[in-house]
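When a ligand or atom number is given, it counts from 1 through the structure's own listing order. Values below: all heavy atoms of this structure, side chains included; hydrogens, waters and symmetry mates excluded. Source: prediction; values computed, not measured.
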Amino acid sequence: MTTPAHVAIIMDGNGRWAKARGLPRVAGHRAGVEALRQTVRAAGEMGIEWLTVYAFSSENWSRPKSEVSDLMGLLKLFIRRDLAELHKHGVRVRVIGERDGLEPDIRALLEEAEELTRANRSLNLVIAFNYGSRDEIARAARKAALAVKAGKIDPDSISADTFGEFLDTTGIPDPDLIIRTSGELRLSNFLLWQAAYAELVFLPCYWPDFGRTDLAEALRSFASRERRFGGVAARDVAL
Ligand code: FPP
């Protein structure tokens with residue numbers, strides 16, 4: 001079975017999971033963190049090399065203040081509690097998204113996680129935090145424009161390949177598979193540039209209920225797809 005090198009996940013449905021149980025939304029996010037822990041473990045065991053998770057989008061700021069602060073608190077807790085464990089298992093943490101505008105203590109924790117795990121080589125865990133694709137692409141365009149202005153690059157050298165170097169994901173392979181839970185069928189400003197040839201799998205379960213069997217199901221679905229990257233299938237070349 002072909003295992004995708006890079007799996008990216010839109011962890012959706014925490015709020016609905018909580019509502020269905022008569023619990024506050026924060027309980028759904030807490031259960032979501034637990035599902036994330038299990039998923040990181042399972043992904044490593046299944047031979048996935050890169051796992052990207054959408055933890056907080058640039059649009060999530062529009063949620064009630066208390067929920068935003070709950071999500072910030074959960075990220076801090078996740079890094080404080082799980083960083084040593086992730087490091088022990090050789091996980092390399094990388095964070096994508098806009099750092100400006102985040103609280104200094106959160107920025108410091110994100111930097112600490114990246115610094116501590118920089119040399120690790122088992123699973124690469126990419127946390128998309130304060131991330132939105134359009135914002136990422138606009139920031140990349142700004143960086144490219146500044147490089148042109150400073151005389152560092154020639155405008156003619158900007159191509160689909162070289163532009164990728166200005167994105168937050170520079171050095172990270174494009175996702176092969178994007179999974180979204182909770183039954184919603186959209187990308188919601190997640191990895192729009194990088195998703196050009198990704199296979200998409202939408203699962204009905206809410207994120208807190210996502211587990212090893214759901215990941216295995218998504219991998220099976222991926223393995224059954226024929227990826228042509230705009231070309232033709234090998235067997236059809238001679239036709
Ligand atoms: C979507 O559920 C989920 C989020 C907005 C955040 C995802 C966050 C976690 C899984 C926990 C936090 C993890 C870290 C590392 C910070 P929703 O609230 O949009 O659910 P709904 O669509 O049912 O309301």
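Here the heavy atom of the protein found nearest to atom 14 (C) of ligand 1 is Ala55 CB, 4.1 Å.
Here the side chain of Ser182 pairs no donor or acceptor atom with the backbone of Tyr206 at under 3.5 angstrom.
For atom 17 (P) of ligand 1, the nearest non-hydrogen atom from the set Met11, Arg63, Glu59 belongs to Arg63. Nearest to atom 23 (O) of ligand 1 by heavy atom, out of His29, Lys76, Arg16, is Arg16.
Atom CZ of Arg225 has more than 12 heavy atoms from other residues, nucleotides or ligands within 6.0 Å. Within a 6.0 Å radius of CZ in Arg81, other residues, nucleotides and ligands contribute 12 heavy atoms or fewer. Heavy atoms from other residues, nucleotides or ligands lying under 6.0 Å from CD of Glu103 number 12 at most.
By the 4.0 Å N-to-carboxylate-O rule, Arg99 lies close enough to Glu114 to be salt-bridged with it.
By the 3.5 Å distance cut-off applied to N or O atoms, Tyr54 is not counted among the residues near ligand 1. Between Asn14 and ligand 1, an N or O atom pair is found at a separation short of 3.5 Å.
Listed by number with element, the atoms of ligand 1 under 4.0 Å from a non-hydrogen atom of Val33 are 11 (C), 12 (C), 13 (C). Per-residue contacts place Trp207 under 4.0 angstrom from the following atoms of ligand 1 (heavy atoms of the residue considered): 10 (C). Near Asp12, meaning under 4.0 Å from one of its heavy atoms, ligand 1 places the atoms 1 (C), 2 (O), 17 (P), 19 (O), 20 (O), 22 (O). When each atom of ligand 1 is checked for a heavy atom of Gly15 under 4.0 Å away, the hits are 17 (P), 18 (O), 20 (O), 21 (P), 23 (O), 24 (O). Those atoms of ligand 1 that come under 4.0 Å of a heavy atom in Asn60, given as number and element, are 5 (C).
Between Glu136 and Thr169, the closest heavy-atom pair is OE2-N, 3.6 Å.
At least one heavy atom of Arg25 sits less than 4.0 Å from an atom of ligand 1.
Aromatic ring pairs are classed by plane angle as parallel below 30°, tilted from 30° to 60° and perpendicular above 60°; the pair Trp50 and His6 is tilted.
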Residues 21-32, side-chain donor-acceptor partners within the protein, below 3.5 Å, at least two apart:
unit_1	atom_1	unit_2	atom_2	d
Arg21	NH1	Trp17	O	3.0
Arg25	NE	Glu67	OE1	2.8
Arg25	NE	Glu67	OE2	3.3
Arg25	NH2	Glu67	OE2	3.2
His29	ND1	Asn14	ND2	3.0
His29	NE2	Glu67	OE2	2.8

